[in-house]
Protein chains: 2
Amino acid sequence: MTTVRRSDATRAAILEAARERFASDGYERATIRAIARDAGIDPSMVMRYYGNKEGLFAAASEIELDLPELGLLPARHIGAVLVTHFLERWERDDVLTGMLRVGVTNEAGAERMQAVFARQLGPVTRGVCPDPDQAPRRAALVASQILGMALARYVLRLPPAVEMSTDEIVAWLGPTVQRYLTAEAP
Amino acid sequence: MTTVRRSDATRAAILEAARERFASDGYERATIRAIARDAGIDPSMVMRYYGNKEGLFAAASEIELDLPELGLLPARHIGAVLVTHFLERWERDDVLTGMLRVGVTNEAGAERMQAVFARQLGPVTRGVCPDPDQAPRRAALVASQILGMALARYVLRLPPAVEMSTDEIVAWLGPTVQRYLTAEAP
DNA sequence: TACCGTAGCCAACGAGCGTTGGCAAACAAC
DNA sequence: GTTGTTTGCCAACGCTCGTTGGCTACGGTA
């Protein structure tokens, strides 16, 4: 459909640099000039291809959680599977850390984050919890525990949270997530 | 010991304005000029009394969690008590929200947050968990769940997390925290 | 070869930032 | 009443930011 442009490589380089900068510095401190320097091009190119800083952020924060289909596996393992998946997703690259960082300081970032979780985590929970109308609430509980661990481990870097192995985290958080998804409402 | 200065009212006004700005805007977007405007004085006064922006932030983020003595109450209620206490503390003012916001984008903020939790949450957990050498780890797990809920509810404002009543949150998170503190290590 | 859209860089703009130094008024000490 | 200290404001500094407009050079097309 869209043809290949000569500038595609540049666009991709900008996007990659932007993701890294937003992730490590947050929205305000991630400057267009620094992103352009990382990408090896002129700051004005960023403006040409993405309009302005907000547009660049919007393009850089398209996120896929790649959640597994929970309905296809044993009901009693979904907590551990979900936690494992998120930990892997979080360690694979720093896009999620970036989204978290930006979501905290930037209104557009927070909305993006709401959308990602509503659209990608919501449906997954709807299939496994006993009361489908409570699914959003249960998804929010799961998000609170998973985002909280990511916050403690990857952003705030609380030493005990950093030192724990992923297995250990799964062993502790798995049952929590499992309960939030499948237990009867308290 | 220190005598009362005529400028104490000004100092206090600056501090209050700084706390609000840091809380709502984060470290970078909270400008000294805006804080001074809120406090009704000149920006240069902020520099005179607090040295620079970092000094102002350090002074504005002295935080007391006011945690209760967990040893004094029934062991099986400490999870609910802790969650209740944090929710109240969080809703009372926006200092904690601010600390969270700044801790995410600012290195000094993250360190301040590490210190607050290590110094104030750590000791409380040490008395109630079965293996005192694992106390920091358990405290980090508790922090991950409580900070995660604060993140979802007060910062990102995920709609389902905002809509839940505090009782409901306590009913869900209480057992989680209880388990992190008192259950045998998995 | 002549042409035209695209890709890229350079230089500059206006604005906002943290921060500084000096000056005027209010107060305190003698 | 004079002197020294505190409190406050004003004006400016150097810097970085996002953003703009114009210029050169390249690549495909006729």
Side-chain angles (χ1 to χ4, degrees), chain A residues 1-61 98 101-102 105-109 112, chain B residues 1-61 98 101-102 105-109 112:
Chain A
M1 141 156 210
T2 53
T3 71
V4 174
R5 285 158 304 195
R6 256 184 308 146
S7 59
D8 280 350
T10 301
R11 294 177 130 91
I14 292 174
L15 227 46
E16 191 191 330
R19 274 195 253 263
E20 278 178 29
R21 281 285 172 180
F22 281 132
S24 64
D25 294 349
Y27 187 83
E28 325 291 337
R29 290 212 328 257
T31 68
I32 287 191
R33 291 167 133 98
I35 291 168
R37 202 179 319 126
D38 291 353
I41 47 94
D42 190 87
S44 61
M45 305 301 297
V46 179
M47 310 301 295
R48 176 124 74 199
Y49 293 140
Y50 296 99
N52 54 27
K53 191 175 179 179
E54 267 195 52
L56 174 61
F57 170 69
S61 60
R101 219 169 225 132
V102 176
T105 45
N106 182 268
E107 193 56 38
R112 166 73 50 152
Chain B
M1 147 152 210
T2 55
T3 69
V4 175
R5 287 157 303 195
R6 259 183 308 143
S7 60
D8 280 351
T10 301
R11 293 176 130 93
I14 293 174
L15 227 47
E16 191 192 330
R19 274 195 255 263
E20 278 178 30
R21 282 284 173 181
F22 281 132
S24 64
D25 294 349
Y27 187 83
E28 326 290 336
R29 290 213 327 259
T31 69
I32 288 191
R33 292 167 131 98
I35 292 168
R37 202 179 320 125
D38 290 353
I41 46 92
D42 191 87
S44 61
M45 306 300 298
V46 178
M47 310 301 296
R48 175 121 77 198
Y49 293 139
Y50 296 99
N52 54 26
K53 191 175 179 178
E54 269 197 51
L56 174 62
F57 170 69
S61 61
R101 218 167 226 133
V102 176
T105 45
N106 182 267
E107 194 55 40
R112 166 72 50 150

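Since the structure is predicted, the reported quantities are computational estimates derived from the model, not experimental observations. Letters A, B, ... mirror the listed sequences (proteins, then strands); counts begin at 1. Side chains are part of it too, since the values below use all heavy atoms of this structure and drop only hydrogens, waters and symmetry mates.
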Residues 35-45 of chain B, side-chain donor-acceptor partners within the protein, below 3.5 Å, at least two apart:
unit_1, atom_1, unit_2, atom_2, d
B:Asp38, OD1, B:Arg21, NH2, 3.4
B:Asp38, OD2, B:Arg21, NE, 2.7
B:Asp38, OD2, B:Arg21, NH2, 3.4
B:Asp42, OD2, B:Ser44, N, 2.9
B:Asp42, OD2, B:Ser44, OG, 2.6

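- Across the protein-nucleic acid pair, B:Arg11 atom CZ and D:dT7 atom C1' stand 10 Å apart, rounded to whole Å.
- In this structure, B:Ile32 and B:Met47 approach most closely via the heavy-atom pair CD1-SD, 3.7 Å.
- At whole-Å resolution of the value, OH in B:Tyr49 and C1' in D:dC9 are 12 Å apart.
- Using cut-offs of 30° and 60° for the angle between ring planes, the B:Phe22 and B:Tyr27 rings count as parallel.
- The side chain to side chain contact (heavy atoms under 4.5 Å, CB included) test applied to B:Ala59 returns B:Leu15, B:Tyr50, not counting sequence neighbours.
- Between the C1' atom of D:dG18 and the CZ atom of A:Arg21 lies a distance of 16 Å, rounded to the nearest Å.
- Taking atom CD1 on A:Ile35 and atom P on D:dC17, their separation rounds to 11 Å, with Å as the unit.
- Here C:dC10 presents its C1' atom at 13 Å from CE of A:Met45, a figure rounded to the nearest Å.
- Considering only heavy atoms from C-beta on, B:Leu56 stays 4.5 Å or farther from B:Asn52 through its side chain.
- Two residues are said to be in side-chain contact when any heavy atoms from C-beta on lie closer than 4.5 Å; B:Glu28 and A:Thr105 fail this criterion.
- At distances below 3.5 Å, not a single donor-acceptor pair connects side-chain atoms of B:Arg101 with backbone N or O atoms of B:Gly26.
- Under the side chain to side chain donor-acceptor pair (under 3.5 Å) criterion, B:Arg112 pairs with no residue at all, not counting sequence neighbours.
- Two end axes, each from the C1' atoms of five base pairs, can be drawn for the helix from C:dT1-D:dA30 to C:dC30-D:dG1; they diverge by 0°, to 10 degrees.
- A:Ile41 has its CD1 atom 12 Å from the P atom of C:dC10, to the nearest Å.
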Open item on the list: Each nucleotide in nucleotides 13-20 of chain C should get exactly one letter: B, S or -. Can you fill that in based on protein heavy atoms under 4.0 Å?
Closed with: ----BBSB
Please list, for nucleotides 27-30 of chain C, all pairs of protein and nucleotide N/O atoms separated by less than 3.5 Å.
none

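- Proximity of a side-chain donor or acceptor of B:Lys53 to a complementary backbone N or O of B:Ala30 within less than 3.5 Å is detected.
- Between A:Asn106 atom CG and D:dG18 atom P there is a gap of 13 Å when expressed in whole angstrom units.
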